[in-house]
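The structure appears right after this line, and notes come after that.
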Amino acid sequence: MIETQSVKGHVFFDIEYKDGHKEKIDFPNTVLINGKRVAPLVLANQIGNTFDYYVTKMLFGDGGTDSGTKKYVSANRNGLFGVTRLAKPVVATIDNLLPTQVNFTSVVKFEDAVGVILNEMALQMSNGDLYSMTTFSDLTKTDEMQITITWQIYYL
């Protein structure tokens with residue numbers, strides 16, 4: 001029997017409010033076809049003249065819901081449903097105790113995207129393709145909240 005591996009992901013929001021209270025939200029994501037094809041390309045050394053298959057940004061958009069219902073993200077997407085309202089750089093870390101998992105972290109600061117309804121996000125690679133994407137319930141960003149996002153990608 002052939003053992004198969006899969007790549008999965010999960011997104012965690014740690015929301016800090018200026019008044020001191022905190023909130024945690026988490027939800028799954030979809031690893032897209034362009035993300036899944038990275039490992040075979042690297043293993044076969046078919047990366048071309050430049051290596052640009054690494055995550056550089058976290059994108060946030062406003063088109064992830066339809067009348068309050070989260071839109072389904074199919075694996076063949078390569079763009080947000082709506083307008084990209086914010087693009088933040090990521091810090092990537094691999095824990096030696098969890099070597100098959102990478103965490104991408106970014107912070108949406110108090111002053112970022114104030115008044116914008118966010119409901120979709122994606123990890124974007126250096127070549128512009130999206131690695132993974134998710135939609136979530138509408139979140140109106142205010143200047144009273146700062147969101148630390150940890151996006152985990154792991155191989156099983």
Heavy-atom side-chain contact between F81 and D66 under 4.5 Å: no
Among the clusters formed by ILVMFWY side chains lying less than 4.5 Å apart, do I25 and F12 turn up in the same one? no
Atom NZ in K8, atom OH in Y155: separation rounded to 0.5 Å? 13.0 Å
Step by step, work out the side-chain contact (heavy atoms from CB on, under 4.5 Å) result for I15 and K24. CA-CA 6 Å; I15 305 173; K24 292 184 178 287; over 6 Å; no
Verify the cluster assignment for I117 and Y17: are they in a single hydrophobic cluster under the rule of side-chain heavy atoms below 4.5 Å apart? no
N29 versus V73: any side-chain heavy-atom pair under 4.5 Å? no
Would you sort out whether T65 and D138 count as a side chain to side chain donor-acceptor pair (under 3.5 Å), showing the intermediate values? CA-CA 7 Å; T65 62; D138 292 350; 2.8 Å; yes
Any heavy-atom pair between the side chains of F136 and L118 that's under 4.5 Å? yes
Could you tell me whether the side chain of L80 reaches within less than 4.5 Å of the side chain of D62, counting heavy atoms only? no
May I ask whether M133 and V90 are part of the same hydrophobic cluster, defined by side-chain heavy atoms of I, L, V, M, F, W, Y residues being less than 4.5 angstrom apart, directly or through others? no
Is there a side-chain contact between Y154 and L98 (heavy atoms, below 4.5 Å)? no
Interatomic distance, OG1@T93 vs CD@Q152, rounded to 0.5 Å, equals 9.0 Å
Hey, is the main chain of G64 close enough, under 3.5 Å, to the side chain of N119 for a donor-acceptor pair? yes
A quick test of your reading: do over 12 heavy atoms of other residues, nucleotides or ligands sit less than 6.0 Å from NZ of K18? yes
Any donor-acceptor N/O pair, K141 side chain to D112 backbone, under 3.5 Å: yes
Side-chain donor/acceptor of T105 to backbone N/O of T150, under 3.5 Å: no
Closest heavy-atom pair and its distance - S106, P89: OG-O, 2.9 Å
Within a strict 4.5 Å, meaning less than it, do heavy atoms of the L139 and F60 side chains meet? no
Smallest separation among heavy atoms of L32 and S132, with atom names: CG-CA, 3.9 Å
Backbone N or O of H21 within a donor-acceptor pair of the D19 side chain at under 3.5 Å? yes
Check whether any side-chain heavy atom of I147 lies under 4.5 Å from a side-chain heavy atom of K88, and answer yes or no. no
Between the main-chain N or O of L130 and the side-chain N or O of N78, is there a donor-acceptor pair closer than 3.5 Å? yes
Within the side chain of E120, is there an N or O that forms a donor-acceptor pair under 3.5 Å with the backbone of G63? yes
Please step through side-chain contact (heavy atoms from CB on, under 4.5 Å) for the pair V55 and I153, ending with a clear verdict. CA-CA 11 Å; V55 173; I153 300 292; over 6 Å; no
Calculate, to the nearest 0.5 Å, the distance between atoms CG and CD1 belonging to N103 and I149 respectively. 13.0 Å
Interatomic distance, OG1@T142 vs CZ@F110, rounded to 0.5 Å, equals 9.0 Å
Nearest 0.5 Å, please: how far is NZ in K36 from OG1 in T30? 8.0 Å
Is the shortest side-chain heavy-atom distance between V116 and L86 below 4.5 Å? no
The test is ring-ring contact (aromatic ring centres under 6.0 Å, His included); show your working for F13 and F27 and say whether it passes. CA-CA 9 Å; F13 279 11; F27 42 89; 5.2 Å; yes
Looking at T135 and K71, would you say the former's side chain and the latter's main chain have a donor-acceptor pair under 3.5 Å? yes
Answer with yes or no whether the hydrophobic clustering places V11 together with Y131; edges join I, L, V, M, F, W, Y residues whose side-chain heavy atoms lie under 4.5 Å apart. yes
Mark yes or no for whether T148, through its side chain, and V107, through its backbone, hold a donor-acceptor pair below 3.5 Å. no
From E23 CD over to D14 CG, what is the distance, rounded to the nearest 0.5 angstrom? 10.0 Å
Side-chain heavy atoms nearer than 4.5 Å, only ILVMFWY residues, links allowed to pass through others: does that put V102 and Y53 together? yes
Test item: Q101 side-chain N/O and D95 main-chain N/O as donor-acceptor pair under 3.5 Å: no
Taking K57 for its side chain and G128 for its backbone only, find out whether a donor-acceptor pair lies under 3.5 Å. no
